[in-house]
Amino acid sequence: MDLTLPSVARTIQGLSMPELRKDPIVGRWVIIATDRARRPVGHRAEPMPPTDAPCPFCTGGEHNTPHEILAYRDRGSKANEKGWRVRVVPNKYPALQIEGELSKRGDGIYDRMNGIGAHEVIIECPFHEVSMANLAEENIRDVLWVYRDRLLDLKKDPRLVYGMIFKNVGAAAGASLEHSHSQLIVTPIVPINVWEEMNGALEFYGYRGRCIYCDMIHQELDDRKRIVMSTPNFVAFCPYASRFPFETWILPRAHNSHYENIQKTEVDELGSVLKTVLMKLETGLDQPAYNYIVHTGPLDTNLLPHYHWHMEIIPRTTRIAGFEWGTGFYINSVPPEEAAQYLRNVEVDVTGGRR
Ligand SMILES: [Zn+2]
Ligand SMILES: [Zn+2]
Ligand SMILES: [Zn+2]
């Protein structure tokens with residue numbers, strides 16, 4: 001019997017809309033979104049299944065996606081037609097949806113709320129390119145600027161609390177389409193991983209009066225051991241307690257809690273840093289599957305003195321197994337000092353790239 005998720009999904013009645021449910025013991029929220037099961041991919045599919053279907057993200061297929069939310073376009077070109085460089089569309093199989101009221105209600109000892117939010121796809125280039133690292137720097141800068149534009153726009157909706165930008169590359173990292181893209185999921189609550197970071201950072205701020213990320217940057221720049229690269233405004237390093245081999249964080253050197261406050265000059269520099277780090281990972285680790293995430297302050301806050309936005313890049317060279325699921329411990333086989341040294345020594349040339 002075929003038990004891949006799509007076949008099971010055909011037998012699921014589904015909910016009329018996505019729903020958030022809270023685990024009453026540890027406070028973790030789960031999104032129950034039955035539409036997601038209908039995505040055209042089995043959860044065991046690996047590597048990416050070959051397909052004859054045309055890529056819905058390539059230019060010319062604009063009608064194959066929902067209507068665009070935002071696009072950086074050539075002057076004179078029309079929405080949902082050719083002529084774009086970066087394009088944002090709603091996810092066809094959203095984890096959360098924007099319509100409806102945010103109602104939170106109890107269910108005995110449990111809590112639930114409507115799955116109000118947004119789920120957008122940022123299509124990073126009009127041509128079929130699977131690797132962001134192969135895009136020209138200007139192209140990557142456009143993508144980074146789009147992230148800012150979308151967060152600023154979503155900030156206007158008082159129902160929305162958190163905007164999580166992330167990227168899945170390769171089937172092992174959860175990607176279901178190979179065309180270079182990232183995603184933005186906006187939730188009506190702060191995700192627990194961010195909440196834990198913010199709480200830890202607030203505690204440090206409480207007794208030291210400083211941002212722990214700023215202190216971390218100073219110590220890493222003094223030590224140099226875990227630095228992958230540094231530029232006037234950014235630093236990339238393998239964190240002291242890396243959970244995964246070659247885990248790499250990118251932080252702005254100047255304190256800033258919210259990604260959407262980023263300046264144009266910083267975006268220009270970040271484009272080069274991100275491209276360099278991704279090229280080093282791809283060259284050094286032979287095109288690994290990876291995820292990156294942007295951790296930033298909640299949409300309903302501004303200028304937090306204790307929190308500092310950052311990107312976490314996680315190559316998926318190992319699988320999370322029973323021990324990790326059971327304990328929350330991670331076993332990392334590559335010390336971050338060695339990972340950083342290795343990545344520092346991978347030579348890359350960022351001047352080229354498709355455009
Ligand atoms: Zn494509
Ligand atoms: Zn800081
Ligand atoms: Zn983080």
Side-chain angles (χ1 to χ4, degrees), residues 40 48 50-65 82 84-87 89 92 121-132 134-135 139 143 162-167 169 175-182 190-206 208-221 233-244 247-259 261-262 266 291-298 301-314 330 336 354:
M48 205 79 80
T51 166
D52 293 332
C55 171
F57 292 170
C58 278
T59 193
E62 285 80 6
H63 55 283
N64 292 322
T65 65
K82 293 182 177 190
W84 52 276
R85 305 190 305 279
V86 178
R87 187 167 182 253
V89 298
K92 211 167 179 177
V121 180
I122 297 111
I123 307 170
E124 295 167 350
C125 54
F127 43 83
H128 197 74
E129 172 56 62
V130 301
S131 167
M132 185 188 220
N134 289 341
L135 301 178
N139 197 154
V143 172
Y162 198 82
M164 170 65 70
I165 291 159
F166 62 99
K167 185 176 186 64
V169 176
S176 53
L177 278 165
E178 61 175 19
H179 188 125
S180 189
H181 69 284
S182 31
V190 177
I192 195 163
N193 288 1
V194 178
W195 193 82
E196 283 178 350
E197 283 187 355
M198 288 178 54
N199 258 2
L202 185 61
E203 202 175 311
F204 183 90
Y205 188 82
R208 293 274 174 83
R210 294 193 307 268
C211 163
I212 191 166
Y213 292 92
C214 286
D215 273 19
M216 205 183 267
I217 291 168
H218 288 133
Q219 182 167 335
E220 293 301 337
L221 285 170
N233 291 298
F234 288 91
V235 56
F237 61 86
C238 297
Y240 183 77
S242 292
R243 293 156 294 179
F244 304 95
E247 174 174 351
T248 305
W249 293 5
I250 300 175
L251 288 88
R253 288 205 201 191
H255 181 78
N256 177 9
S257 53
H258 288 69
Y259 180 87
N261 294 336
I262 197 168
E266 292 177 301
N291 300 103
Y292 75 55
I293 52 178
V294 178
H295 273 160
T296 177
T301 61
N302 280 306
L303 308 173
L304 302 171
H306 59 281
Y307 195 62
H308 196 121
W309 79 260
H310 55 277
M311 282 180 93
E312 298 183 12
I313 306 169
I314 316 275
Y330 289 90
R354 285 180 77 177

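Both ligands and their constituent atoms are indexed starting at 1 by order of listing.
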Provide the atom name of the closest N, O or S atom of H308 relative to the Zn ion (ligand 2).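 Restricting H308 to its N, O and S atoms, the minimum distance to the Zn ion (ligand 2) goes to ND1.
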
The Zn ion (ligand 2) to H255: nearest N/O/S atom name: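 Output for this pair reads ND1.
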
Qualifying residue for side chain to side chain contact (heavy atoms under 4.5 Å, CB included) with E124, from K167, E129, R85: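 Answer to the side chain to side chain contact (heavy atoms under 4.5 Å, CB included) test with E124 among K167, E129, R85: K167.
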
Kindly give the atom name of the N, O or S atom of [X] closest to the Zn ion (ligand 3).
| X | answer |
| --- | --- |
| E197 | OE2 |
| H295 | ND1 |
| E312 | OE2 |

Is the OH atom of Y240 crowded by more than 12 outside heavy atoms at less than 6.0 Å?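 Atom OH in Y240 is not packed in, count stays at 12 or less.
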
Taking atom NE2 as the centre, does H218 end up with more than 12 heavy-atom neighbours from other residues, nucleotides or ligands that are less than 6.0 angstrom away?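 No - once you tally the heavy atoms of other residues, nucleotides and ligands closer than 6.0 Å, there are 12 at most.
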
From H306, does some N, O or S atom reach closer than 2.8 Å to the Zn ion (ligand 2)?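 Short answer: no, not a single N, O or S atom is under the cut-off.
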
State the atom name: nearest N, O or S atom of H128 to the Zn ion (ligand 1).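 H128's closest N, O or S atom to the Zn ion (ligand 1) is named ND1.
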
Tell me which N, O or S atom of H179 sits nearest to the Zn ion (ligand 1).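 Going by distance to the Zn ion (ligand 1), the closest N, O or S atom in H179 is ND1.
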
Given side chains that start at C-beta, do those of Y307 and T296 come closer than 4.5 Å, heavy atoms only?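 Side chain of Y307 against side chain of T296, heavy atoms only: no contact under 4.5 Å found.
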
Going by heavy atoms in the side chains, are I293 and I314 under 4.5 Å from each other?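 Answer no - side chains too far apart.
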
Under 4.0 Å between a Lys/Arg side-chain N and an Asp/Glu carboxylate O for R87 and E62?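 So R87 does not pair with E62 through a salt bridge.
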
Is the H306 ring parallel, tilted or perpendicular to the Y205 ring (thresholds 30°, 60°)?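 Answer is tilted, since the angle falls between 30° and 60°.
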
Opening angle between SG in C214 and SG in C211, taken at the Zn ion (ligand 2), to 10 degrees: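 Value returned, to the nearest 10°, is 110°.
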
